[in-house]
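Values below: every heavy atom of this structure, side chains too, minus hydrogens, waters and symmetry copies. Start at 1 and go down the list; that is how both ligands and their atoms are numbered.
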Amino acid sequence: MEKPFPEMKNDLILRAARGEETERVPVWIMRQAGRYLPEFRKVSAEYDFFTICRTPELATKVTIQPIDRYDGLLDAAIIFSDILVVPQALGIEVVMLPGKGPHFPNPIVDPEDMHRRLKEKVDVHEDLQYVFDALTMTRHALNGRVPLIGFAGGPWTLMTYMVEGAEKAKGWIHKYPEESQELLQRITDVIVDYLVGQVRAGAQMLQVFESFGGDLGPDDFDRLSLPYLTQIVERVKYELGSDAVPMTIFAKGSFYALDSLSSIGYDTVSLNWTIDPEDAIEIAQGRVTLQGNLEPSVLLGSDQEIEVETEKMVRRFGSSTRYIANLGHGILPSVRLEAVDVFLRTVHRVGRRSVAEEK
Ligand SMILES: Cc1c2[nH]c(c1CCC(=O)O)Cc1[nH]c(c(CCC(=O)O)c1C)Cc1[nH]c(c(CCC(=O)O)c1C)Cc1[nH]c(c(C)c1CCC(=O)O)C2
């Protein structure tokens, strides 16, 4: 018998994602385990990025770092990993260049190359078991303090990386339209198994990062991203049961797709700062919980500015009970520790459920 997971002491974010009433607006920060934390920099000076991902003890440790530092202020942990572990599982090499980001030494150059090099059958329990182990270990170590979020990259975003960037990816969709759909489908199939495995291992909420969604215009998004994002949510919920786990879609910059993204089965839609809260609420019509969307560089400003901008954001979203506060993208590495504290405390202060009534 496996050890049961600890009882939850704070499930605010899960309730908000499902559209239930919450006492206050929940908050977490994309990339909250990262370089702005001195304790993270210490670990990352000692171990290579993917070594941390592949070592459950290390992944658990860094996942919990922000939860400890901002004790009682964050309402979720997100497992320390990267969206690029899926291309690795498909057989494509990825290295993380410190301070520069991901690098693909041998990107896929054409369909023939894809057929030759892409692994035909990926068994996520063989290639990505280390993520599942990290999730199980972290879920126990969190001891019910906050829910644990699992994640994957969106197919269009991963394809862009695998063929070496947006220009090449757009070249593919015009030069090799059928094989592009094949590549997107093959990536999607792995993502579905991967997300299902994450939930079985202990993830309590899932987020799909279609970070390069905004590179596509509305028509291309409908062809190259939306069908796969739809498959992901439908198939994961089919496998696990539709109430098993709330799912968030973050298609960064694809504000034009908010209506469709609100109607394909995701519980939460994460927004960046290119859409006004009022417009988002109007389009979403209560079908989904909205998450976001502070411009991350606000956290580079003074405490006072952070407080003003955060308060404005929470009040603007606040008339919607279906809201989770976050940044519009990942936290920047040069953000001060105190700035994060101000952001979180402001959400706690302004986001009490009286906000809606005050308006
Ligand atoms: C596009 C993307 C990637 N990775 C991810 C995305 C989607 C989100 C987004 O749009 O930003 C997702 C991701 N990457 C990381 C997490 C961990 C959990 C968390 O949010 O705290 C998550 C959720 C760790 C990481 N992933 C990376 C770091 C920094 C590693 C380091 O240099 O020490 C961390 C903590 C590296 C990474 N990984 C990636 C890039 C572009 C970079 C370099 C840019 C950067 O450094 O911020 C690919």
What is the closest protein heavy atom to atom 22 (C) of ligand 1, and at what distance does it sit?
Phe151 CZ, 3.6 Å
With a cutoff of 4.0 Å, is Pro102 in contact with ligand 1, counting heavy atoms of the residue only?
yes
Within-shell test, Thr157 vs ligand 1, heavy atom, strictly < 4.0 Å:
no
Enumerate the atoms of ligand 1 whose separation from the nearest heavy atom of Gly101 is less than 4.0 angstrom.
43 (C)
Ranked by distance from atom 47 (O) of ligand 1, the top protein heavy atom is Arg31 NH1, 2.5 Å
Taking N or O atoms only and a 3.5 Å limit, does His329 qualify as a polar contact for ligand 1?
yes
Identify the protein heavy atom lying closest to atom 26 (N) of ligand 1, giving its residue, its atom name and the separation to 0.1 Å.
Asp82 OD1, 2.9 Å
Return the closest protein heavy atom for atom 30 (C) of ligand 1 as residue, atom name and distance.
Phe49 CD1, 3.6 Å
By number and element, which atoms of ligand 1 are closer than 4.0 Å to a non-hydrogen atom of Tyr161?
1 (C), 41 (C), 48 (C)
Got the closest protein heavy atom to atom 16 (C) of ligand 1, with its distance?
Ser81 O, 3.5 Å
Heavy-atom contact under 4.0 Å between Pro98 and ligand 1?
no
Compute the shortest N/O to N/O distance between Lys100 and ligand 1 and return yes if it is under 3.5 Å, no if not.
no
What is the nearest protein non-hydrogen atom to atom 7 (C) of ligand 1, stated with its residue, atom name and distance?
Ser211 OG, 3.2 Å
